[in-house]
Trainee: 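Next up is a structure, given as structure tokens.
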Amino acid sequence: FKTHYSYLLIIALGILYTILLSNNPTGDSFSNAYLSISGKDMFMPHHLLYSFLGFLFVKAFSFTGISAIKILQMTNVLFACGSLLVIRRMFKRIHKEEPLICSAILFCGSCFGFLRFATDNECYIVPLFFTLLTLYYMQTFLIENKMSRIIKMSICLVVGCLFHQIVI
């Protein structure tokens, strides 16, 4: 971790997000949780796969006794940390200086919009993760110029769009 202490920052932000899970979920949060719990009408037009993903996580972790909305909020924490990891990889290609990478991660990970969607059961952090992956594969394509990067980029873009139309 001496040369890669930005990983510690991502872990610390993940712990902070988990501690700060929303105690005041929005109506959409409750709606998403209901769709994930009930398994009915999960495939809503503007966030086609989000409730289905929530359904899978709720079923997988229902044995813990944690409320469904908290499980879904923690799922968003995982995707938020994944987004920060992708941002780290993108910055690592541009700059090798760890302090600059940590500053960028701290800036992105602590802005209000990111914090809000990382700690509530809203559907925006998952498509953001796939959008960042799309940009990462585009960045690697511009460096390596391999067809596999275009395919990965396209798949991530499509999956992101299926999680929410905002990706378009």
Side-chain angles (χ1 to χ4, degrees), residues 1-26 28-29 32-33 36 47 49-54 56-58 60-61 64 66-144 148-149 152-164 166-167:
F1 283 112
K2 193 172 187 178
T3 58
H4 303 291
Y5 54 89
S6 55
Y7 287 120
L8 290 175
L9 178 60
I10 293 170
I11 292 168
L13 285 170
I15 292 168
L16 181 66
Y17 299 154
T18 304
I19 292 169
L20 297 175
L21 290 178
S22 178
N23 287 328
N24 190 20
T26 63
D28 282 348
S29 296
N32 291 333
S36 296
H47 49 85
L49 295 180
Y50 186 74
S51 295
F52 179 68
L53 176 71
L56 295 176
F57 271 88
V58 167
F61 294 102
T64 61
I66 300 172
S67 69
I69 200 155
K70 292 294 182 193
I71 291 172
L72 297 169
Q73 288 172 332
M74 287 188 270
T75 302
N76 279 351
V77 168
L78 289 174
F79 277 96
C81 291
S83 297
L84 295 175
L85 286 170
V86 174
I87 289 170
R88 184 196 178 282
R89 295 279 311 253
M90 291 172 65
F91 272 99
K92 196 72 169 169
R93 286 193 180 279
I94 299 168
H95 298 285
K96 302 293 183 203
E97 301 164 16
E98 197 67 16
L100 181 63
I101 293 168
C102 280
S103 299
I105 290 170
L106 186 60
F107 178 76
C108 292
S110 63
C111 73
F112 174 76
F114 193 86
L115 246 165
R116 180 181 180 277
F117 294 127
T119 59
D120 205 352
N121 183 27
E122 294 278 350
C123 58
Y124 303 110
I125 205 79
V126 178
L128 176 66
F129 170 75
F130 285 105
T131 301
L132 287 168
L133 270 180
T134 300
L135 294 172
Y136 171 74
Y137 287 125
M138 183 174 73
Q139 180 189 42
T140 58
F141 170 75
L142 293 173
I143 294 168
E144 298 173 10
S148 65
R149 300 298 181 185
K152 290 176 183 178
M153 180 177 65
S154 301
I155 290 170
C156 289
L157 188 60
V158 168
V159 171
C161 286
L162 290 174
F163 272 101
H164 199 279
I166 198 167
V167 173

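By convention here, the first residue in the shown sequence is residue 1.
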Trainee: Arg88 and Tyr7: side-chain contact (heavy atoms from CB on, under 4.5 Å), yes or no, with the steps?
Mentor: CA-CA 9 Å; Arg88 184 196 178 282; Tyr7 287 120; 3.5 Å; yes
Trainee: If you take all heavy atoms of Val77 and Gly14, which pair is closest and at what distance?
Mentor: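 What the structure gives for the nearest pair is CG1-O, 3.7 Å.
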Trainee: Kindly compute the distance separating CD1 (Ile166) from SG (Cys123), expressed to the nearest 0.5 Å.
Mentor: 8.0 Å
Trainee: Quick check on the 6.0 Å ring-centre criterion: do Tyr124 and His164 meet it?
Mentor: yes
Trainee: For Phe61, is the CZ atom crowded, meaning more than 12 foreign heavy atoms sit under 6.0 Å from it?
Mentor: no
Trainee: Kindly give the heavy-atom pair with the smallest separation between Cys161 and Val167, and that separation in Å.
Mentor: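 Shortest heavy-atom contact: SG-CG1, 3.7 Å.
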Trainee: Can you confirm whether more than 12 heavy atoms, excluding those of Arg89, are under 6.0 Å from its CZ atom?
Mentor: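 It does not: Arg89 CZ has 12 such atoms or fewer within range.
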Trainee: So, for Gln139 and Met90, which heavy atoms are closest and what is the spacing to 0.1 Å?
Mentor: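 Closest approach of Gln139 to Met90: NE2-O, 3.2 Å.
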Trainee: Mind checking whether Arg149 and Ile143 have side chains closer than 4.5 Å, heavy atoms only?
Mentor: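 No, too far: nothing below the 4.5 Å cut-off.
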Trainee: Got Tyr136 and Ile87 here, is their nearest side-chain heavy-atom distance under 4.5 Å?
Mentor: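 No, side chains not in contact.
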Trainee: Within a strict 4.5 Å, meaning less than it, do heavy atoms of the Leu78 and Tyr17 side chains meet?
Mentor: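 No - every pair of side-chain heavy atoms lies 4.5 Å or more apart.
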Trainee: Quick one, Ser83 with Phe114, criterion side-chain contact (heavy atoms from CB on, under 4.5 Å). Give me CA distance, side-chain angles, the key distance, then yes/no.
Mentor: CA-CA 10 Å; Ser83 297; Phe114 193 86; 4.1 Å; yes
Trainee: Please check if the side chain of Glu98 supplies one atom and the backbone of Ser6 the other of a donor-acceptor pair under 3.5 Å.
Mentor: yes
Trainee: Please report the shortest heavy-atom distance between Leu53 and Phe79, naming the atom on each side.
Mentor: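 Where Leu53 meets Phe79 most closely, the heavy atoms are CD2-CE1, 3.8 Å.
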Trainee: Can you confirm whether Asn76 sits close enough to Asp120 that some side-chain heavy atom of one is under 4.5 Å from a side-chain heavy atom of the other?
Mentor: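 The answer is no; the side chains never approach within 4.5 Å.
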Trainee: At their closest point, which heavy atom of Val58 faces which heavy atom of Ala68, and how far apart are they?
Mentor: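 Minimum heavy-atom separation between Val58 and Ala68: CG2-CB, 4.0 Å.
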Trainee: Distance from Lys70 atom NZ to Leu72 atom CG, nearest 0.5 Å?
Mentor: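 That separation rounds to 11.0 Å.
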Trainee: Using 0.5 Å steps for rounding, measure from the CD1 atom of Ile125 to the CZ atom of Arg116.
Mentor: 11.0 Å
Trainee: Between OG1 of Thr64 and CD1 of Ile71, what distance do you get to the nearest 0.5 Å?
Mentor: 4.5 Å
Trainee: Between CD1 of Ile11 and CD1 of Ile15, what distance do you get to the nearest 0.5 Å?
Mentor: 7.0 Å
Trainee: Provide the full list of salt bridge (Lys or Arg N to Asp or Glu O under 4.0 Å) pairs with a residue in residues 153-162, sequence neighbours left out, each pair given once.
Mentor: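 Listed by first then second residue: nothing to list.
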Trainee: Please table the atom pairs, donor to acceptor, closer than 3.5 Å between any side-chain atom in residues 126-134 and protein atoms at least two apart or in another chain.
Mentor:
unit_1, atom_1, unit_2, atom_2, d
Thr131, OG1, Pro127, O, 2.8
Thr134, OG1, Phe130, O, 2.8
Thr134, OG1, Leu157, N, 3.1

Trainee: Above 12 or not: heavy atoms from other molecules or residues under 6.0 Å from CZ of Phe91?
Mentor: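 Result for CZ/Phe91: open.
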Trainee: So which atom in Gln73 and which in Pro25 form the shortest heavy-atom distance, rounded to 0.1 Å?
Mentor: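 Shortest heavy-atom separation between Gln73 and Pro25 comes out as NE2-CG, 4.2 Å.
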Trainee: Checking Phe57 against Met74 for the side-chain contact (heavy atoms from CB on, under 4.5 Å) test, could you report, in this order, the C-alpha distance in whole Å, the side-chain angles of both residues, the deciding distance, and whether it holds?
Mentor: CA-CA 10 Å; Phe57 271 88; Met74 287 188 270; over 6 Å; no
Trainee: Kindly compute the distance separating CG (Leu84) from OG (Ser110), expressed to the nearest 0.5 Å.
Mentor: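 With rounding to 0.5 Å, CG (Leu84) is 9.5 Å from OG (Ser110).
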Trainee: Can you tell me if Ser51 uses its side chain to pair, donor with acceptor, with the backbone of Ser36 under 3.5 Å?
Mentor: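 No; zero donor-acceptor contacts below 3.5 Å.
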